[in-house]
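To start, the structure itself, in structure tokens.
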Amino acid sequence: MRAGARTAEAGADVPVSAELTILCYHRVLPESARAGDGRPYFVRGTAVSTVSFRAEVMSLAAQFDLVGEGDVIAWLAGQRTFARPACWLTFDDGYMDVLEHAAPILAELGVPATAFIATDVLDGAVLPADRWYAVLNAATRRRGALGSGARAWAFDLDVPSDYARLVDGPERRAFLAAAPAEREPLLRELVEAVGAPCEPTSAQLYLTPEALARLVASGWAIGSHTRSHPFLPLLSEPAVADELRDSRAALASLGVDARSFAYPDGRWNPALVRQVRAAGYAIGVTLEPGLARVGDEPLSLPRALGGALRSTSRC
């Protein structure tokens, strides 16, 4: 194990660590992607460059025991201890660059991690946020207006604040919060406003089943991020149950026993915690601020965004 990263040995005679930091990453990309298709993710703070990621992990290793999912589950159950304050690295959604860029760095440094997969992406689906970003990346018109009538907003993509609003402003948030059938006209408005030829298709954005198997073989833990990445509090109880059951079943069909769960966009409530527990998950992570401690509710653990570009954005 390198760079000072280490995990606690089971049964070691060391003091119980009082707290655990859980970090959430999404994409790890070359610096060159900042001016290319990765730009929306860097602007929103859900991408970090490979150089920054390596530096951050090495810094974390000097401060924490960098532990894996199994360590966390055992620690919360009082079955093991950590020698130092601990940190668990997690990655949401299921991007291919987790395998291409994050995994080699973590393997070199001897650091474990968990990837939370929205399992529809394994079958070729594109998550709503990524559809929105793909349209922005295909823009041929720098200036225009989004919406109509009183809600029309004039933008200039060369103005950083306007671009940032399109990346994570009220228009995109309304698109994400809309029911699936209601999203299409909102996306068409964006396509027409920025002059995209059509909704573009990206290169291999997400892990394939074969790529996921490679990640598992390299020692990563895999958890669920639902099936389609919806806002769970907006769904009916049966619809939530379907998302939880179907995602776990999809991973099981690939030989993965998912024990952990990440709430999409970090949105949760006590009723959802009960459903996640009933679906068979051992731990669940949110995006609430704070540190995890022994005795906390294991299905609603706090988690912070990792990466050199800190942000208050959700996943």
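Only heavy atoms go into these numbers, but all of them, side chains included; no hydrogens, no water, no symmetry mates. In this text, all values refer to a predicted model and were calculated from it rather than measured experimentally.
- Using a 4.5 Å heavy-atom cutoff, the side chains of Leu232 and Pro264 are in contact.
- Summarising the geometry, atom CD1 belonging to Ile283 is positioned 9.0 Å from atom CG belonging to Leu299; distances are rounded to the nearest 0.5 Å.
- Taking both residues in full, the closest heavy atoms of Gln275 and Glu237 are given as NE2-O, 3.0 Å, listed atom of the first, atom of the second, then distance.
- Two residues are said to be in side-chain contact when any heavy atoms from C-beta on lie closer than 4.5 Å; Val121 and Leu127 meet this criterion.
- Placement of Leu291 and Ile22 in two distinct hydrophobic clusters is found when ILVMFWY residues are connected by side-chain heavy-atom separations under 4.5 Å, directly or transitively.
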Taking it one step at a time, do Phe53 and Leu106 satisfy side-chain contact (heavy atoms from CB on, under 4.5 Å)? CA-CA 10 Å; Phe53 180 68; Leu106 295 184; 3.8 Å; yes

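- Between Glu189 and Leu146 there is a side-chain heavy-atom pair separated by less than 4.5 Å.
- To the nearest 0.5 Å, the span separating CG on Leu66 from CZ on Phe82 amounts to 11.0 Å.
- Using a 4.5 Å heavy-atom cutoff, the side chains of Leu76 and Leu301 are in contact.
- Aromatic ring pairs are classed by plane angle as parallel below 30°, tilted from 30° to 60° and perpendicular above 60°; the pair Phe261 and Tyr263 is perpendicular.
- Between the side chain of Asp92 and the backbone N or O of His26, no donor-acceptor pair lies under 3.5 Å.
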Where do Glu297 and Arg277 land on the salt bridge (charged side-chain N to carboxylate O under 4.0 Å, His left out) test, with the steps shown first? CA-CA 11 Å; Glu297 166 56 69; Arg277 178 176 288 109; 2.5 Å; yes

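- There is a path of hydrophobic side-chain contacts, each under 4.5 Å, that joins Phe231 to Val126.
- Contact between Val67 and Pro112 at its shortest, heavy atoms only, is C-CG, 3.5 Å.
- Side-chain contact between Asp120 and Thr226 is absent, with no heavy-atom pair separated by less than 4.5 Å.
- Judged by the 6.0 Å and 45° rule, Arg39 forms a cation-pi pair with Tyr163.
- Using a 4.0 Å cut-off between charged side-chain N and carboxylate O, Arg214 and Glu100 make no salt bridge.
- In this structure, Ser260 and Phe116 approach most closely via the heavy-atom pair OG-CE2, 3.2 Å.
- Residues Glu31 and Thr50 fail the side-chain proximity criterion, which asks for heavy atoms closer than 4.5 Å.
- Taking CZ of Arg27 as the start and CG of Asp93 as the end, the distance is 9.5 Å to the nearest 0.5 Å.
- One finds the CZ atom of Arg227 at 4.5 Å from the CD atom of Glu243 (value rounded to the nearest 0.5 Å).
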Passes side-chain contact (heavy atoms from CB on, under 4.5 Å), Thr208 versus Met96? Steps please. CA-CA 8 Å; Thr208 62; Met96 180 65 83; 4.3 Å; yes

side-chain contact (heavy atoms from CB on, under 4.5 Å) for Leu212 and Tyr206? Distances and angles first, verdict last. CA-CA 10 Å; Leu212 182 67; Tyr206 305 111; over 6 Å; no

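- Leu234 and Trp132 fall within a single hydrophobic cluster, where Ile, Leu, Val, Met, Phe, Trp and Tyr side chains are chained together by heavy-atom contacts under 4.5 Å.
- For the residue pair Glu56/Ser52, the side-chain donor-acceptor check at 3.5 Å is not satisfied.
- When all heavy atoms of Ala292 and Pro302 are compared, the pair lying nearest together is N-CG, 3.8 Å.
- Relative ring orientation between Trp220 and Phe91 is described as tilted, the plane-to-plane angle lying within the 30° to 60° band.
- Linking Ile, Leu, Val, Met, Phe, Trp and Tyr residues whenever their side-chain heavy atoms come within less than 4.5 Å leaves Leu29 and Val51 in two separate clusters.
- Here the options are Pro170, Pro128, Pro185, the test is side-chain contact (heavy atoms from CB on, under 4.5 Å), and the partner is Phe175; only Pro128 passes.
- Residues Ser49 and Phe42 come closest through the heavy atom pair N-CE2, 3.6 Å.
- A distance of 4.0 Å separates CH2 in Trp153 from CG in Leu166, rounded to the nearest 0.5 Å.
- Looking at heavy atoms from C-beta onward, Thr119 lies out of side-chain contact with Ser224 at the 4.5 angstrom threshold.
- The distance from atom CG of Asp130 to atom CG of Asp37, rounded to the nearest 0.5 Å, is 11.0 Å.
- Using modelled atom types, no side-chain atom of Thr286 and backbone atom of Gly266 make a donor-acceptor pair closer than 3.5 Å.
- For the pair Thr90 (side chain) and Leu23 (backbone), a donor-acceptor distance under 3.5 Å is present.
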Run the side-chain contact (heavy atoms from CB on, under 4.5 Å) check on Arg54 and His101 step by step: do they pass? CA-CA 10 Å; Arg54 178 189 293 275; His101 301 302; over 6 Å; no

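- A salt bridge is absent between Arg142 and Asp156: the closest approach of a Lys/Arg side-chain nitrogen to an acidic carboxylate oxygen does not fall below 4.0 angstrom.
- In terms of modelled atom types and a separation under 3.5 Å, the side chain of Tyr281 and the main chain of Leu244 share a donor-acceptor contact.
- Put simply, the side chain of Arg248 gets close to the backbone of Ala258: a donor and an acceptor are under 3.5 Å apart.
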Go through Arg165 and Glu171 one step at a time and tell me if the salt bridge (charged side-chain N to carboxylate O under 4.0 Å, His left out) criterion holds. CA-CA 8 Å; Arg165 172 170 166 167; Glu171 294 79 16; 2.4 Å; yes

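- When the options Thr114, Asp65, Thr21, Asp71 are evaluated for a side chain to side chain donor-acceptor pair (under 3.5 Å) with Trp88, the one that passes is Thr114.
- In this structure, Arg303 and Cys24 have side chains that are in contact, with non-hydrogen atoms separated by less than 4.5 Å.
- Note on Val216: it clusters hydrophobically with Leu254, by side-chain heavy-atom contacts below 4.5 Å among ILVMFWY residues.
- Of all non-hydrogen atoms in Asp265 and His229, the two that sit nearest each other are N-CE1, 4.0 Å.
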